[in-house]
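To start, the structure itself, in structure tokens.
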Amino acid sequence: MPKLLLLSHFFPPYTTVQSRINIATVYTMQDEGINTIVVSSEVPGNLVDNVFLKLTDDILMYRYKSIKFDTFFYKLRSKFKIPPSKEVFSGISKCMLLTAQKAIKNNNGIDAVYSISSLGDAHKVGMLIAKIYRIPWIAEFQDPWLENRTLMQWMKDFSLPTYFNYWQKKTETFLKQIVQKAQLIVTESKGHRDSLANRAKIWGINDDKIVYSYLGSDQRVIDRLGTPSVFETIKDSSIPKIGFLGEVYYGYEKRVRQLIHCLYKLEKQGLQFCFITIGSSLLPQLASQIGFTKILPLYRLSYREAMGLISTLDWGLTIPSSEININSKMFDYLQGGCNVLVWG
């Protein structure tokens, strides 16, 4: 049986979108008869979802300790407008590399390495592992690289122009190295695939090795968790329900403010509905500022509870960041059986 080493900072019991996609990737590999060994980070106790943890019961895991974030260093760099990137080069490469080498040694070698990242440590380590052990390397991009409009805008707004240009060039150089050296590149949508393929052509790199796979909720994850019916009161209500899952990303503030104002106007016209937010602190705050009352804010729900709530919604709200971005919330809404409402 071929052995694959999978590298990703996010894996259950993290309940992030990346974590859910990554566990589904492992299930797919196992179904294809590929023995998959996972290297990922330890999860702080306050973030552990014990139900989610059981998803890894049949997976060989090697975990490294996450480096404690230096808030003083971050604040100092931010003050001088040279902030560390939120997603690129996060500084855990050494921990991941040492743990990966231990996993390889304990399992008498591997046949290939599969790194999953936006553009950070997992790809850096994947590149090194492929070089050291002379094995094929697959790189999967999620929330990807220079197409991540939210990250790019944040860096631009909080950086000196000269620093932003330096960071952008550094990021593009690393992206080019990955595209050159990996044997296969996986992106999260056709739009992202086409965008990266255009860059590859400019760099003189064959783009045939760049493919896409829509990365959404996986039924196998839902089935193993079991989705509870914990919101019977909401479900039985005849009032139409609109829901928004997750936090509002940086750069979306203007659009969600417009959304709240539109919903407020509908409320004033006497329309009956309920706007349910799951995990957002900004939306209830904006609603309070203008007196919008048809909002039900919910906060610390587990993934199972969130999916249980989504199944009771009439509409799930998503806000795309660009014309090529496939918002992961859309897949959660469709998985839960509700309609999708796109706010542009």
Side-chain angles (χ1 to χ4, degrees), residues 8-24 43-44 46-49 51-52 55 86-87 118 142-144 147-151 153-154 188-189 214-218 221-222 225 227-228 230-231 234 241-260 262-263 274-288 292 295-322 325-344:
S8 177
H9 188 69
F10 296 102
F11 212 76
Y14 275 123
T15 57
T16 60
V17 173
Q18 297 99 319
S19 178
R20 304 198 303 269
I21 293 171
N22 295 345
I23 189 72
V43 181
N46 63 317
L47 296 179
V48 171
D49 184 324
V51 176
F52 229 73
L55 294 174
K86 289 187 172 184
E87 295 190 34
S118 54
Q142 293 174 8
D143 219 7
E147 305 303 334
N148 186 333
R149 306 294 173 83
T150 303
L151 170 63
Q153 191 62 50
W154 185 91
E188 66 175 11
S189 73
Y214 287 112
L215 307 176
S217 296
D218 192 283
V221 176
I222 303 295
L225 288 174
T227 304
V230 293
F231 294 95
I234 296 175
K241 297 169 288 296
I242 305 169
F244 182 85
L245 175 64
E247 269 291 0
V248 176
Y249 297 141
Y250 178 81
Y252 289 52
E253 293 87 347
K254 182 178 179 180
R255 280 190 280 174
V256 297
R257 193 180 298 275
Q258 292 170 340
L259 167 70
I260 293 297
C262 287
L263 293 175
C274 179
F275 182 48
I276 304 170
T277 64
I278 309 169
S280 172
S281 56
L282 178 61
L283 289 170
Q285 179 184 336
L286 294 176
S288 176
F292 173 54
I295 184 170
L296 174 61
L298 301 171
Y299 295 99
R300 295 188 60 84
L301 299 182
S302 70
Y303 177 68
R304 295 173 70 241
E305 291 171 330
M307 288 303 295
L309 175 58
I310 286 173
S311 68
T312 71
L313 298 176
D314 297 289
W315 296 93
L317 180 68
T318 181
I319 307 174
S321 61
S322 71
N325 183 61
I326 304 297
N327 195 301
S328 57
K329 293 182 179 67
M330 182 183 73
F331 292 102
D332 288 324
Y333 296 142
L334 294 175
Q335 193 77 53
C338 71
N339 300 303
V340 178
L341 177 63
V342 180
W343 180 260

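None of the values given here were measured: they were computed from a predicted structure. Position 1 is the first residue of the sequence, and the numbers go up from there.
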Are the side chain of [X] and the backbone of [Y] linked by a donor-acceptor contact shorter than 3.5 Å?
X	Y	value
Ser280	Thr277	no
Trp315	Cys338	no
Asn339	Asp314	yes
Tyr333	Leu317	yes
Asn22	Phe11	no

With sequence neighbours left out, write down each residue that passes ring-ring contact (aromatic ring centres under 6.0 Å, His included) with Phe10, or none if nothing qualifies.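 ring-ring contact (aromatic ring centres under 6.0 Å, His included) check on Phe10 returns Tyr14.
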
Return the [atom1] to [atom2] distance between [X] and [Y], rounded to the nearest 0.5 Å.
X	Y	atom1	atom2	result
Leu309	Leu296	CG	CG	8.0 Å
Lys241	Phe275	NZ	CZ	14.5 Å
Ile310	Leu334	CD1	CG	10.0 Å
Leu283	Ile278	CG	CD1	11.0 Å
Arg20	Leu55	CZ	CG	11.0 Å

Check each of Ile319, Thr318, Val256 against Phe244 using the side chain to side chain contact (heavy atoms under 4.5 Å, CB included) test, and report the only one that passes.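 Testing Phe244 for a side chain to side chain contact (heavy atoms under 4.5 Å, CB included) against Ile319, Thr318, Val256 leaves exactly one candidate, Ile319.
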
Please find the pair of heavy atoms, one from [X] and one from [Y], that lie closest to each other, and give the distance.
X	Y	value
Ile242	Leu313	C-CD2, 4.3 Å
Arg257	Leu286	NH1-CD2, 3.4 Å
Leu282	Glu253	CD2-CG, 4.0 Å

Could you tell me whether the side chains of Ser281 and Glu247 share a donor-acceptor contact shorter than 3.5 Å?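 Per modelled atom types, Ser281 and Glu247 side chains form a pair under 3.5 Å.
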
Non-neighbouring partners of Ser288 that pass side-chain hydrogen bond (donor to acceptor under 3.5 Å, both in side chains), sequence neighbours left out: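 Applying side-chain hydrogen bond (donor to acceptor under 3.5 Å, both in side chains) to Ser288 gives none.
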
